[in-house]
Amino acid sequence: MASHSADGSSSWLLSLSKLALATWSTTAVFVVLLPSLLAISIATTIVYRRYFHPLSGIPGPFFASFTSLWLVLHDRTLKRHVLDMALHKKYGPIVRVSYDNVMLSSVAASKVIYSPNGDYNKSDYYMALGPDQQTEERMSLLSETNMPRFRMIKRVTGPVLTLAAVKKYERLCDPVLERYVEKMTQEQGNALDLLKWMHIVSTELLESMVFSDSDDIISSGDDAGDTQLTHEDMAAKNWIVCAERSEHGKPEVFQETFSRRIKERTTSLEYQKTSDFFTDVIKLHDTRPDFRTSWIPLMAYLVLNAGFDTMGSTLTALIIQVARNPRVKEKIQQELLAAKQAGKLTSPIPTYDECAALPYLTATAVESMRLHASIGFVLERVVPDGGVTFEGRFLPAGTKVGCNPRVIHRDKGIYGADADVFNPDRYLNASAEQKREMEAVSLRWGGGIRKCPGDKMAMVAMAKFMTVFFGEFDVELLEEPELKKLGLDGQEEEISFATTKWKGAWMKLTKLS
Ligand code: HEM
């Protein structure tokens, strides 16, 4: 029995030991129990995902089978367009790239996933491209995953993006193109950063179609580093909480210009007399009660955010391909000269219909978008109720699934044995059925109900630009030694995140007589 001393030391000792016990148990909970539980739960999750998950039999990298971190880290290498091709080569037509995510190189699967009548919704990957909070007021065509709401937005906004609608704005491209020719004529012989110039001209063309006018960046050639920003300031955000979420840098100058113009247009009735995309959006709002006022500026931002980067990188790749293939360049120049001499091209800026009637130039653009689709990541969708079987593997509802356009566009069964080669003639020499099949498989504008709604606007602007560019100038790419002499960065490479771009390519132009 414990003896109690007069100074109460034994009760003091008792309290101390109680405190020690309590401290020890708290410490034990934090130092031993919680980490052990955490370790057990992580280990159980890993073992389950790796060996017992419905996707566990699907080949793929080891780490990818139990964590989406593998995918995030590979996204961050900015080489997804190359990596996905290598993964299919190594693991076959179906690859598990995360515990709940598979990608396919099969054309048959691609036709199902991106069927116009299908019910494959976009995955949460796209949350990164939309507003932080999706509300009634803040619609986003790009990232909306509530399908009834998406269909409503698409139906309501559709009329301003049809070919007939955007052809009305094509004349607004003409002053931009005239300024571009003037500037490039002055810059003859100089080393020009291809990606930067294509981004500048794409932004001005889109800006003009939306607002009737554009801030003249062409004359100064100074985009205040915005082009650089779009491919440098890409950082995965919230990647521990939600590994797929990310945000890419917003070009500030272009963004500010759009914000200023939107403000001008929404505060002055004077402007509404102009005939351009913005006016048509306002008219749409006036006639459709379900078109909310807050959607007016959002439609303008949509053109900038979804269009400037994709169009700039598409044109960059196209010019690089043509400059590297002298036979293709020569054929384009011959086609343009013949059309000019036959009076089939309005001077100084041809109409869209005249440009679209040039078969070789059109085939060149389609071929470049095949090999260098500006979206070089997997267009991720979610398997609907009931699941699906692709390549003999059952994928339960909720599985993230998709194809990388870069992979599908190199399918030898569709595009022939030379599918890896840049050859615009493949479309001109193909039978009607082959052409139909190549078109049906193409993901250059995405596919199904989520296909790019801005394709007509981009096509009109790009067709006019290409006709003017190749009709007026001979283009060459500067080689590494020439760049070194000029002290320029010649490390040309394609990098991929939201869009795939070719940076570090420099061109030299000579005016054609
Ligand atoms: C050369 C230029 C362009 C290219 C190559 C391009 C390509 C694409 C592709 C491949 C997709 C599908 C992405 C996916 O499924 O993940 C897409 C979607 C989209 N594009 Fe474009 N685009 C271009 C220009 C534009 C323009 C000018 C606009 C605006 C008017 C635009 C608006 C959109 C929107 C809103 C979506 C999302 C559609 C949806 O989720 O339903 N694009 N684009």
Side-chain angles (χ1 to χ4, degrees), residues 80-81 110 113-114 116 118 120-130 134 139-147 149-155 157-158 160-163 165-166 169 173 198-199 201-203 205-210 244 258 277-278 280-281 295 298-318 365-366 368-382 400-406 408-409 442-463 465-466 496-501:
R80 234 1 244 283
H81 58 297
S110 154
I113 298 168
Y114 306 111
Y120 282 70
N121 201 349
K122 278 187 162 179
S123 76
D124 53 6
Y125 182 86
Y126 291 88
M127 280 160 61
L129 304 174
Q134 211 68 271
M139 70 88 176
S140 165
L141 259 178
L142 205 62
S143 59
E144 180 63 66
T145 51
N146 174 330
M147 283 314 272
R149 187 171 139 80
F150 167 77
R151 282 181 213 279
M152 183 274 284
I153 297 172
K154 185 144 172 122
R155 203 176 43 248
T157 55
V160 286
L161 288 163
T162 61
L163 183 58
V166 295
Y169 323 132
C173 296
M198 290 310 117
H199 273 155
V201 78
S202 299
T203 309
L205 288 169
L206 293 175
E207 191 186 336
S208 286
M209 288 170 110
V210 176
E244 288 80 9
F258 265 60
F277 179 81
F278 203 82
D280 283 354
V281 169
W295 294 7
L298 293 178
M299 285 296 284
Y301 281 127
L302 185 81
V303 176
L304 172 73
N305 290 334
F308 119 95
D309 203 16
T310 40
M311 201 162 120
S313 42
T314 299
L315 290 174
T316 304
L318 178 107
V366 173
S368 180
M369 289 177 83
R370 178 182 74 83
L371 278 181
H372 296 278
S374 92
I375 305 290
F377 59 78
V378 170
L379 311 180
E380 249 180 53
R381 303 291 185 263
V382 181
K400 290 174 196 163
V401 70
C403 307
N404 188 326
R406 296 280 179 131
I408 295 294
H409 289 177
S442 173
L443 293 174
R444 66 183 185 279
W445 302 108
I449 187 168
R450 304 309 294 253
K451 192 173 164 240
C452 176
D455 59 346
K456 313 289 183 310
M457 186 178 254
M459 260 156 44
V460 168
M462 288 200 302
F465 173 78
M466 288 184 306
S496 177
F497 195 73
T499 54
T500 306
K501 346 173 190 285

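This is a predicted model, so every value here is computed, not measured. Both ligands and their constituent atoms are indexed starting at 1 by order of listing. Each residue takes its place number in the sequence, starting with 1.
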Shortest protein contact, [atom] (heavy atom only):
atom: atom 7 (C) of ligand 1; result: Arg444 O, 3.8 Å
atom: atom 13 (C) of ligand 1; result: Leu379 CD2, 4.0 Å
atom: atom 41 (O) of ligand 1; result: Arg450 NE, 2.8 Å
atom: atom 14 (C) of ligand 1; result: Tyr126 OH, 3.4 Å

(request) Just jot down the side chain to side chain contact (heavy atoms under 4.5 Å, CB included) partners of Ser374, sequence neighbours excluded, or say none. (result)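 Thr310, Ser313, Thr314, Thr499.
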(message) Checking Ser208 now: which residues fulfil side chain to side chain contact (heavy atoms under 4.5 Å, CB included) with it, not counting sequence neighbours?
(response)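 Counting only residues at least two positions away or on another chain, Ser208 forms a side chain to side chain contact (heavy atoms under 4.5 Å, CB included) with Leu172, Val176, Ser214.
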Under 4.0 Å from any heavy atom of [X], which atoms of ligand 1 are there?
X: Ser374; result: 5 (C)
X: Met369; result: 5 (C)
X: Leu141; result: 35 (C), 39 (C), 40 (O), 41 (O)
X: Val303; result: 29 (C), 30 (C)
X: Ile375; result: 9 (C), 10 (C)

(message) Determine whether a donor-acceptor pair (N or O, by modelled atom type, separation under 3.5 Å) exists between the side chain of His409 and the backbone of Leu443.
(response)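 Here the side-chain-to-backbone pair exists.
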Report the part of [X] (side chain from C-beta onward, or backbone N, CA, C, O) that has a heavy atom under 4.0 Å from ligand 1; answer both or neither where that applies.
X: Glu380; answer: neither
X: Thr314; answer: side chain
X: Leu142; answer: both
X: Arg381; answer: side chain
X: Lys154; answer: neither

Among the heavy atoms of [X], does any lie under 4.0 Å from an atom of ligand 1?
X: Phe308; value: no
X: Met462; value: yes
X: Glu144; value: no

Nearest heavy-atom neighbours spanning [X] and [Y]:
X: Asn404; Y: Ile375; answer: OD1-O, 4.4 Å
X: Pro453; Y: Leu141; answer: CG-CD1, 4.2 Å
X: Phe308; Y: His199; answer: O-CD2, 3.5 Å
X: Ile408; Y: Cys403; answer: CG1-CB, 3.6 Å

(message) Regarding Arg149 and Glu144, does a basic nitrogen lie under 4.0 Å from an acidic carboxylate oxygen?
(response)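 The answer is yes: the pair qualifies as a salt bridge.
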(message) Any salt bridge linking Arg444 with Asp455? Criterion: basic side-chain nitrogen under 4.0 Å from a carboxylate oxygen.
(response)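 No.
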(message) Can you tell me how far apart OG1 (Thr145) and CZ (Phe150) are? Round to the nearest 0.5 Å.
(response)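 Atom-to-atom, Thr145:OG1 and Phe150:CZ are 10.5 Å apart.
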(request) Go through the side-chain N and O atoms of Arg381 and Tyr126 and say whether any donor and acceptor fall under 3.5 Å apart. (result)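 Judged by distance alone, the side chains do pair up.
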(request) Looking only at distances, please establish whether an N/O atom of ligand 1 is found under 3.5 Å from an N/O atom of Phe150. (result)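 No - when backbone and side-chain N and O of Phe150 are compared with those of ligand 1, no distance drops under 3.5 Å.
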(message) Geometry only, no angles: is Lys122 polar-contacting ligand 1 at N/O separations under 3.5 Å?
(response)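 Yes, since at least one N or O of Lys122 sits under 3.5 Å from an N or O of ligand 1.
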(request) For atom 21 (Fe) of ligand 1, check which protein N, O or S atoms are under 2.8 Å away and list them. (result)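 Correct list: Cys452 SG.
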(request) Could you check whether the rings of Tyr169 and Phe277 sit parallel, tilted or perpendicular, using 30° and 60° as the cut-offs? (result)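 Plane angle over 60°, so perpendicular.
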(request) Take Val160 and Met299, measure what side-chain contact (heavy atoms from CB on, under 4.5 Å) needs, and give me the verdict at the end. (result) CA-CA 10 Å; Val160 286; Met299 285 296 284; 3.9 Å; yes
(message) Just so I know, are the side chains of Ile449 and Pro116 near enough to count as touching, which here means a heavy-atom distance under 4.5 Å?
(response)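 Sidechains of Pro116 and Ile449: no contact.
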(message) Checking Phe278 now: which residues fulfil ring-ring contact (aromatic ring centres under 6.0 Å, His included) with it, not counting sequence neighbours?
(response)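 Phe278 satisfies ring-ring contact (aromatic ring centres under 6.0 Å, His included) with Phe211 only.
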